[in-house]
Structures are given as C-alpha cells and as structure tokens.
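Single-structure report; data block below.
One-based numbering, in listed order, for ligands and for the atoms of each.
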Amino acid sequence: MTQDITTRVLHADRLAAVEHGAVLKPLHIATAYGYQTAEELTAVFQGQQSGHIYGRQGNPTTAALETKISLMEDAVGTVCFATGMAAICSTLLALLKKGDHVVASRFLFGNTASWMNTLSQLGCEVSMVDATDAANVAAVLRPQTRLVFVETIANPRTQVADLAGIGTLCAERGLLYVVDSTMTTPHLFQPKSVGASLVVHSLSKSICGHGNALGGSVSDTGRFDWDRYPNLLPAYRKGAASGWGLLQIRKKGLRDIGATLSAEHGHRIAAGAETLALRMERACANTLALAQWLEAQPLVARVHYPGLASHPQHARSRALFRDFGALLSFESVPGVDPFEVLNALQLVIKASHLGDNRTLALPVARTIFWEMGAEQRASMEIADSLIRVSVGIEARDDLLGDFAQAFARLSLKRPA
Ligand SMILES: *Cc1c(COP(=O)(O)O)cnc(C)c1O
C-alpha cells in the first residue's frame, strides 16, 4: 500500500464497512457483547473467532482507532489504553518478570522515568543510559537484558536517541526494541524504519491534538521474532508468532490491569488523527520560527530544538525525521527568572501537557521535574531556568508577537 497516512486514516472506517454506509465508525458504548449460541460465545472466548467479549478488553470504536494507528505505523497490530502511561506500564508488566534487565534512556519523560523506578522495586533491574549513542546501550547489555526502551525526541531537552544505531544493536542481540514516538508522531517518523519492535504513543498529545481526550497505544511493527522471547506464556503462543506479543499485552496488560480506553475518548482521538499531518506541519513551522527567534534574544542563554543547526543531533534528526517536532525548551540568562518570562506571556498558556493546538509553556524544574530532585535533574541536563514550550497552531505572527512583547517588557526592567 503506497497511500500516505492521512489518506489511509480518512478512509479506514469506511473500507472496513460501517452500517448504513456511514463513513465513520460509530460510538459503541456497550459493556457486554452477546452471541446467538453458546458455541459462538465460546469460540470468541477461546480466540477461534474474532469478536468482543467485555468492554474492559476493548470495544468496536477503539478497535477502529487501533486499525488507524496500525495503518499510521505500518504495524501488524495495535492495542489502545486509557493513557500513554497505561500503555507503557501495562506493556512492560505484561512482558517482564523478576530478574529481567531493562535498558532505558536517561532522558525519559518524567513519569516514565518514575515508572522505571517502580519496575526496579518490583525486581527488574533498570540501567538508565545516555541513549544518544548506541555504544552506551551496548556497554550495559547482559544475558538478562530483555528490552531497550527509548523515546525519539526527549521531552523537555530534545535529545534525539541514536535510533538507528540502537535498532541495529537490538537486531544483532535479538532484543525487544520499544520506542516511544509520542514526540515525533507518525507524521514525522515511523520507528519501524529503524527496526523498532514496539511503538508506543501517548494519544493524548499530538495525535489527538485538541486536548480533549486521554489515550495511549502500543503497536507491533512485526520486526521482532516473538519465538525468541522467553517470557511469553504457552497460552499466547498460538497461531502465527507475529501475533503472540500483542496477544500477551492485550491479555496480561489490558485485560488484567484494566486501564481501558473509553469509546468516547477513542472516538475523539480518531477525529484528531485525521488532521495530524496538517496540524504538525503548522506546529513544526511555528516551532522552528520561534526557536530561531529565541536564539537571537540576548536574554536567552540556550535554545534546545532539533531543527536548529546548533542542536547536537541536528544532522541525525534531519536524516530520520520529516520535520523537527513541535516542542522546544530554552534557558534564560542568569538573573532572568523563568517565572518572569512566563508571567510576561499573554497568549501562551502556563500549563502542563503538550501536543495541544494551543501553545503551552511551563517552568520545568519547579513543576514536572520537581519531584525527582536536583541530582536527577542534573543527570537529565535540566537547568533550573529551563522553560518548555509546546507549540500550537496559532498564526505564527501572533505567537512570535506574544514572545516579542514579553521580552520587550523584560528588557525594559533590566539595567542597560
Ligand atoms: C505524555 C507522554 C507520555 C504519557 O502519556 P499520558 O497519555 O499523559 O499518560 C508518555 N511518553 C511521552 C513521551 C509523553 O510525552
């Protein structure tokens, strides 16, 4: 199939046949699904016939979204969850056991980093390494290593993992390679192209885009040979091996843990996904313009954005991604409090969350990275003055204008 992602997503429901010729899958809110005969019900339970059983394990609306995400990632299958964190936690709980070793990037999303701490308390060992170089991953591998977990572009400092190098390493060692591609979205990057086994998304971010739904997903790219994975239970080693991993994730992760995506949220996320490419084009263009503008400001010490030539992984990003994303962060010069900068902004919303149509900003060290303490912040290269900006789709001049008026006011307050 050569169609682009937008075309595929727009026509996915219709091509799977919807009643009355509707072009969209409707909302299915039923908790239970009934069958004509006990034989049919049993066949669905035992996996010989496809069908829905109980809403905790999914519903037809969510299944339609799963199909769209699989199309976007060129994946063999997808399981959706209530949030991105639910997708990550449930997937790792479903696939790991005590004594296993995990290698993860040191620059993880804060809550994922916190979850890695929990995993280590549950009896897995976790090595957090600088994943911008695959050699750092290779250096900590051991016989017990089961998987490598990285993000594409790190939030908030925008380090870009050595995605291709780690993919080659995982392929050589037969390791499961899990890539959280929330920051890149399928519009910028398909992790399958660098050998990822599983692709994770927080659907709450750019894929939804409208800031009106929470969701998460994990997709199997078909690149991993599940026959080699030691933690799969015999019950899930049925049929083609390509389906085994996701089956265990759906049963042990989604069914047993129960962090299910609601049909309503799945429906809103699917509507957002239709315009992903349009929104990302606009947001990425805005972000580059803002990054270049900020880089020229005397009150700004450093700007972190993979689209800037000054970014350490600029060349890698250019080679791998269609564009450079809609998130940047910057540090003010000593003496300029990030609160002053934020409070001078009028259009930009002081809020957590990212990948929203509206531009949002926050002081990183005193909010999302506060709980972890100064030492871990330093290891993640989070400066006290760091401000994260998730850039939206406002008109560029309105956005730059807001920063211009804010910095003009700040400059007036400085001694000349
Ligand atoms: C937001 C985010 C998550 C968690 O997603 P939620 O939907 O908020 O639970 C995971 N990874 C990354 C990179 C994120 O930005």
Side-chain angles (χ1 to χ4, degrees), residues 62 65 69 73 78-93 104-119 128 131 148-161 163 178-189 191 196 198-219 253-254 257-262 264-266 268-270 272-273 276 280 283 287 304 306 321 324-329 351-356 360-362 364 367-369 371-372 380 382 388-392:
T62 303
L65 176 63
I69 295 166
E73 289 296 353
T78 295
V79 181
C80 283
F81 293 87
T83 63
M85 284 316 302
I88 293 168
C89 297
S90 302
T91 297
L92 296 191
L93 277 176
S105 164
R106 190 146 62 72
F107 309 120
L108 287 180
F109 174 67
N111 300 161
T112 308
S114 169
W115 162 244
M116 291 294 169
N117 275 333
T118 306
L119 254 191
M128 308 282 266
V148 178
F149 186 103
V150 301
E151 292 169 5
T152 49
I153 304 175
N155 151 26
R157 273 280 277 97
T158 73
Q159 298 96 335
V160 178
L163 293 159
V178 187
V179 177
D180 180 336
S181 187
T182 299
M183 301 296 295
T184 29
T185 80
H187 177 64
L188 301 191
F189 179 58
L198 297 175
V199 181
V200 172
H201 284 292
S202 167
L203 305 173
S204 325
K205 310 291 172 55
S206 304
I207 290 183
C208 175
H210 295 71
N212 59 3
L214 295 167
S217 66
V218 56
S219 303
L254 182 66
I257 297 169
T260 310
L261 178 66
S262 74
E264 280 91 347
H265 280 214
R268 278 181 231 152
I269 292 164
L276 174 68
M280 286 303 285
T287 315
H304 308 288
F321 309 145
F324 303 101
L327 184 129
L328 63 77
S329 56
S352 186
H353 185 39
L354 57 88
D356 195 283
L360 315 171
L362 55 68
V364 175
T367 56
I368 49 173
F369 281 37
E371 181 186 302
M372 65 179 52
M380 296 174 90
I382 308 295
R388 182 185 81 182
V389 186
S390 167
V391 179

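When every heavy atom of F324 is checked against every heavy atom of L188, the shortest pair comes out as C-CD1, 4.2 Å. Across V218 and L198, no two heavy atoms sit closer than the pair CG2-CB, 4.0 Å. When all heavy atoms of S105 and A131 are compared, the pair lying nearest together is CB-CB, 3.8 Å.
Within the model, atoms CG of D180 and CZ of F149 stand 5.0 Å from one another, a figure rounded to the nearest 0.5 Å.
Although no hydrogens or angles enter the test, the distance criterion places no donor-acceptor pair under 3.5 Å between the side chain of S202 and the main chain of G216.
In terms of the side-chain hydrogen bond (donor to acceptor under 3.5 Å, both in side chains) criterion, residue partners of H304 (sequence neighbours excluded) are, by chain and number, R157, E331.
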With the criterion set at N/O pairs under 3.5 Å, what does the list of contacts between the protein and ligand 1 look like, atom names and distances included?
unit_1, atom_1, unit_2, atom_2, d
ligand 1, 5 (O), S202, OG, 3.0
ligand 1, 7 (O), G84, N, 2.8
ligand 1, 7 (O), S202, OG, 2.8
ligand 1, 7 (O), S204, OG, 2.6
ligand 1, 9 (O), G84, N, 3.1
ligand 1, 9 (O), M85, N, 2.8
ligand 1, 11 (N), D180, OD2, 2.6
ligand 1, 15 (O), K205, NZ, 2.8

